[in-house]
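Have a look at the structure below, then the notes.
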Amino acid sequence: MNYWLVKSEPEAFSWDQLVKDGETVWSGVRNYTARNNLKAMEKGDLVLFYHSVTGKEIVGIAKVSRVAYPDPTADSVAWVATDIQPVKPLKHPVPLTAIKEDARFKDFSLVRQGRLSVMPVDKELYDAILAMSQKA
DNA sequence: GCCAACGTTGGC
DNA sequence: GCCAACGTTGGC
């Protein structure tokens, strides 16, 4: 079991849309680091869903329902997609500012490598984020 | 194979 | 809307 975080601009694809659809194809990744992370996902892995640009907060938990396969939106088989399903929304979204303020996250990719759109999350950090989401 | 130029992402 | 960071591209 691994933990991940994916980013999406809510204008492009939001958590609400994922809940409404029940499942989505996580495609369109065109960055090798992010691609490698997608490939490392296993079925059932949990994925934190982060809204970038508008919101800048982690809003929900999803899970991997299908492991990496060739991205249907790409011309090349080099790129992959996965399928994800919503699990549950966070009670309180965890904003990027709160993560930046917390020393436990100083090496977290969301802080260190702002442009990466798919990243692994240590279990300790995943648990910490869930704990933060319980508090207002 | 290096590195400058360019494009994109995403926080502010 | 601006700009910093950084990945990618392409010339040499």
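Everything numeric here is computed off the predicted structure, so don't read it as measured data. A, B, ... follow the sequence lines: proteins, then strands. Residue 1 opens every chain.
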Table please: side-chain donor-acceptor pairs of residues 56-65 of chain A below 3.5 Å, with sequence neighbours left out.
{"residue": "A:S65", "atom": "OG", "partner": "A:E23", "partner atom": "OE2", "Å": "2.6"}
{"residue": "A:S65", "atom": "OG", "partner": "A:D83", "partner atom": "O", "Å": "3.2"}

Going by heavy atoms closer than 4.0 Å, what residues in residues 104-113 of chain A are next to DNA chain C?
A:R112, A:Q113

Report all interatomic pairs (protein N or O, nucleotide N or O of nucleotides 8-10 of chain C) with separations under 3.5 Å.
{"residue": "C:dT8", "atom": "OP1", "partner": "A:Y32", "partner atom": "N", "Å": "3.4"}

Salt bridge (charged side-chain N to carboxylate O under 4.0 Å, His left out): pairs with one or both residues in residues 32-50 of chain A, sequence neighbours excluded
none

Who are the side chain to side chain contact (heavy atoms under 4.5 Å, CB included) partners of A:V19, not counting sequence neighbours?
A:W15, A:P86

Sequence neighbours left out, what passes side chain to side chain contact (heavy atoms under 4.5 Å, CB included) with A:R30? Give chain and number order.
A:D71, A:T73, A:A74, A:W79

Can you give each donor-acceptor pair under 3.5 Å made by side-chain atoms of residues 106-121 of chain A, sequence neighbours left out, with the distance rounded to 0.1 Å?
{"residue": "A:D107", "atom": "OD1", "partner": "A:R112", "partner atom": "NH1", "Å": "2.6"}

May I ask you to list the residues of residues 114-121 of chain A, by number, that have any heavy atom positioned under 4.0 Å from an atom of DNA chain B?
A:G114, A:R115

What does A:K56 touch in the nucleic acid at a heavy-atom separation under 4.0 angstrom: a base, only the sugar-phosphate, or nothing?
base

Any residue meeting ring pair (Phe, Tyr, Trp, His ring centres under 6.0 Å) with A:W26, in chain and number order, not counting sequence neighbours
A:F49

Residues at least two apart in sequence or cross-chain that pass side chain to side chain donor-acceptor pair (under 3.5 Å) with A:N31, listed by chain then number, are none

Smallest heavy-atom separation, A:S14 atom then A:H51 atom, equals CA-NE2, 3.6 Å

Residues which pass ring pair (Phe, Tyr, Trp, His ring centres under 6.0 Å) with A:Y50, listed by chain and number, not counting sequence neighbours
none

Any pair counted as salt bridge (charged side-chain N to carboxylate O under 4.0 Å, His left out), so long as it reaches residues 88-103 of chain A, sequence neighbours left out
A:D102-A:R104

